[in-house]
Undergrad: 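Here's a structure for you.
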Amino acid sequence: MKQGIFRITENTPLTKNVFRLTLEGDVSAITAPGQFINIQLDGLFLRRPISVYDISPRTVTVIYKVVGRGTEQLSRMIAGDTLDVLTGLGNGYDTSVSGQRPLLIGGGVGVPPLYYLARCLIAEGKHPTVVMGFNTKDEIFAVDDFRAIGADVTVATADGSFGVRGFVTDALPSDYSYVYTCGPEPMLQAVYRTISTSGQFSFEERMGCGFGACMGCSCKTVTGYKRICKDGPVLRKEEILWEK
Amino acid sequence: MGEMNVSLCGIELKNPVIPASGTFGYGYEFAELYDINCLGTFSCKGTTREPRFGNPTPRIAECTAGMINAVGLQNPGVDRVIAEELPKLKNCFSGLVMANVSGFSVEDYAYTCERLDREEQVGWLEVNVSCPNVHGGGMSFGTDPASATAVTAAVKAKTKKPVIIKLSPNVTDIVSIAKACEAAGADGISLINTVLGMRIDIRRRRPVIANNMGGFSGPAIFPLALRMVYQVAHAVSIPVIGMGGVTCADDVIEMMLAGATAVEVGAANLVNPYTCRDIVRDLPAAMAKYGITSLSEIIGGVKSWEKT
Ligand SMILES: Cc1cc2nc3c(=O)[nH]c(=O)nc-3n(C[C@H](O)[C@H](O)[C@H](O)COP(=O)(O)OP(=O)(O)OC[C@H]3O[C@@H](n4cnc5c(N)ncnc54)[C@H](O)[C@@H]3O)c2cc1C
Ligand SMILES: Cc1cc2nc3c(=O)[nH]c(=O)nc-3n(C[C@H](O)[C@H](O)[C@H](O)COP(=O)(O)O)c2cc1C
Ligand code: FES
């Protein structure tokens, strides 16, 4: 984990309420795909956790949806503004166990952490298939980015306005070596019940600190109590307990 | 440079800045960021007799200038704290730590304190009496003088280490409770714990926190905390540790003027993990600005207005 001041280089809308934000600064603490950053905003007490979409040697990019006061405030910031950010939070996905044909499943704003993951997997010579679910055509984002790096992409929309009609679980291929997923909890549960291999699931929880100090984000797992922010957000399929 | 050291129940601290229980874990996360030996000491996560998972999530809610938490005293239990956490902690903090103890019966408190009394790393026992008393209809021990007395006396009988009773602000007369603890043998008082609070998610018409209510803390409660520290410090002759909403060196000085011998910092650590280090760094300049040569000399130094 590192704390740093980052300069916004872009904050552009991708859909009506989803934005791509790129921050320039010291990103050396980000060591794995699936990690997140925690952004401080003026006038708000707690930081806002957002997954890493992509990194370069001097920048980190995230994709966020405007859902409340913090993300709304963030959406009004412009290039040149600065933000206080904690980087390198969470365990992230482990790519070493993926096999040759990993399946990446994302729903809505659960899609972002899969992009840097796909890039890492491709760099390791693997062939990821990505299945993304959205409510409707107007909410789709990031598909072109995944295709541009050579990932095989399938899109499902709940209302059938684009791609496969239905949920991500209606659009899964039959042949894959391992699963990586992130999305709303009902989607994660459906994926858990449907997939035939092992996998890694990324969870969300309301956070106090985001770095393991407050026990605000704990969950029960097969291997004991875990903090979503520090021991997660990624849990292995075998350790997940769905009861609260 | 001015003198920052203070004496807390007979033990010297190099400065009065102490991370508050539950906001600093066992120190490791912070030791990754800076050398936590710059701190006076720190108060460990609340420890209970048995391991506890705590409350269901969500446990955290954002508030104006603060937060609500309903962690519910998640901790591995006193046996594992002694077997695992304290030895690990030794690698990142060389001084004496404050063990924060919670319980749900008088016997729980006595048992946990007796176990911690044997640990040489533990300098002080900070006894959190804000917990519900399972034998007393769930009312917190800290809300009536008789149960606060019972806990204090039971713990004092089990330990030679200084016992600091940590009070809940959710009472009508905090002074009477502080005095009862002093009379029962407490070596110090720390205050305040979190203020009972609530938030509602308007869209879902549900409380944000799964426990419905939780403990409110952060800068918003500073004036409330300062007032209680002032009242208690003027009513007892044992040392008082002030906390509640402290975020900067000026807040520390204000708490000390109100009567605090040392000052704990809670929620601010969660937002900016460097808060305590920065306060220690900023204190000398703040002291110079206000003409303070020794922090211990300003304890209780507020010159109250004469009431007419
Ligand atoms: C590990 C992690 C990664 C995330 N990655 C992304 C991402 O890549 N893109 C994205 O759009 N969103 C992501 N989120 C969700 C994002 O954190 C929330 O949407 C955001 O905090 C909402 O803030 P707000 O002030 O706009 O909303 P408000 O509802 O006003 O926020 C009030 C409080 O609730 C918290 N909160 C609200 N919704 C959530 C939520 N879903 N999860 C956790 N805390 C929440 C806020 O942080 C804040 O403390 C992630 C959450 C977590 C825990
Ligand atoms: C997440 C969190 C967990 C806490 N856990 C404990 C605890 O285990 N024991 C305790 O005595 N106080 C606990 N507290 C209370 C703090 O130690 C402190 O008394 C209170 O938060 C007021 O200080 P602040 O406004 O600086 O946060 C906790 C506070 C927070 C925010
Ligand atoms: S949010 Fe504080 S421990 Fe996870």
Side-chain angles (χ1 to χ4, degrees), chain A residues 1-5 26 29 31 38-49 67-73 83-90 185 203-221 223-233 241-244, chain B residues 19-34 45-46 51-76 199 201-203 208-210 214 216-220 245 247 266-275 278:
Chain A
M1 168 179 46
K2 268 194 183 166
Q3 180 182 32
I5 303 297
D26 176 3
T31 52
N38 216 355
I39 304 177
Q40 185 158 47
L41 293 161
D42 279 348
L44 298 182
F45 191 66
L46 298 172
R47 291 171 184 265
R48 297 301 191 260
V67 296
R69 191 166 151 200
T71 45
E72 200 274 323
Q73 195 171 317
L83 286 168
D84 180 320
V85 184
L86 295 176
T87 52
L89 304 176
E185 203 157 306
F203 286 83
E204 273 185 14
E205 192 48 80
R206 291 216 174 211
M207 291 182 177
C209 62
F211 54 86
C214 74
M215 303 289 157
C217 64
S218 297
C219 69
K220 291 178 182 165
T221 74
T223 47
Y225 304 156
K226 295 212 162 174
R227 296 160 295 181
I228 292 295
C229 72
K230 177 94 178 179
D231 313 309
L241 283 177
W242 292 106
E243 49 141 342
K244 274 259 167 171
Chain B
S21 179
T23 64
F24 212 71
Y26 296 95
Y28 331 128
E29 283 77 22
F30 295 84
E32 267 180 48
L33 293 174
Y34 66 92
K45 176 66 199 166
R52 284 175 59 82
F53 173 66
N55 291 321
T57 54
R59 295 175 172 181
I60 303 287
E62 162 98 20
C63 304
T64 302
M67 63 181 284
I68 294 176
N69 91 84
V71 168
L73 296 170
Q74 179 177 350
N75 80 96
R199 292 302 306 272
D201 178 333
I202 299 172
R203 270 195 208 91
V208 172
I209 292 213
F216 180 39
S217 73
T247 62
N269 292 305
L270 307 179
V271 178
N272 174 3
Y274 290 102
T275 301
D278 291 352

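Model, not experiment: these values are computed from the prediction. To find a chain, count down the sequence lines: A is the first, B the second, and so on, and within it residues start at 1. Keep in mind that the numbers below use all heavy atoms, side chains included, and drop hydrogens, waters and symmetry copies.
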Undergrad: What pair of heavy atoms forms the shortest contact from A:R206 to B:I60, and how long is it?
TA: CD-O, 3.6 Å
Undergrad: With a 4.5 angstrom heavy-atom cut-off, which part of B:A210 approaches chain A: side chain, backbone, both or neither?
TA: neither
Undergrad: So, do B:P219 and A:F45 sit near enough that their side-chain heavy atoms are less than 4.5 Å apart?
TA: yes
Undergrad: For B:L270 versus A:A213, what's the shortest heavy-atom pair and its separation?
TA: CD2-CB, 4.2 Å
Undergrad: Is the backbone N or O of A:L46 less than 3.5 Å from a side-chain atom of B:E62, with the two atoms forming a donor-acceptor pair by type?
TA: yes
Undergrad: Based on non-hydrogen pairs under 4.5 Å, which of B:G27, B:G66, B:A268 is most in contact with chain A?
TA: B:G66
Undergrad: What part of B:E32 lies closer than 4.5 angstrom to a heavy atom of chain A: side chain, backbone, both or neither?
TA: side chain
Undergrad: Highest number of heavy-atom pairs under 4.5 Å with chain B: which of A:C209, A:G210, A:G70, A:G43?
TA: A:C209
Undergrad: Has the side chain of B:R59 got a donor or acceptor atom that lies under 3.5 Å from a matching backbone atom of A:C217?
TA: no
Undergrad: Do you know which of B:T23, B:V271, B:N269 has the most heavy-atom pairs with chain A at a distance under 4.5 angstrom?
TA: B:V271
Undergrad: Counting heavy-atom pairs under 4.5 Å with chain A, which one of B:Y26, B:Y28, B:Y274 comes out on top?
TA: B:Y274
Undergrad: Side chain, backbone, both or neither: which part of B:F30 has a heavy atom under 4.5 Å from chain A?
TA: side chain
Undergrad: Does any heavy atom of chain A fall under 4.5 Å from the side chain of B:P273, the backbone, both, or neither of them?
TA: both
Undergrad: Heavy atoms only: give me the nearest A:K230-B:E29 pair and the separation to one decimal.
TA: NZ-CG, 4.0 Å
Undergrad: Only counting residues at least two apart or in another chain, list the ones meeting side chain to side chain contact (heavy atoms under 4.5 Å, CB included) with B:N55.
TA: B:A70, B:N211
Undergrad: Considering all heavy atoms of both residues, which atom of A:E205 and which atom of B:T57 are nearest to each other, and what is their separation?
TA: OE1-OG1, 3.0 Å
Undergrad: Any side-chain heavy atom of B:F53 sitting closer than 4.5 Å to one from A:S218?
TA: yes
Undergrad: Could you report the tightest heavy-atom contact between A:V67 and B:R203, atom names first, then the distance?
TA: O-NH1, 4.3 Å
Undergrad: Please flag which part of A:L86 lies under 4.5 Å from any non-hydrogen atom of chain B: side chain, backbone, both or neither.
TA: side chain
Undergrad: Out of curiosity, A:M215 CE to B:N75 CG, how far, rounded to the nearest 0.5 Å?
TA: 9.0 Å
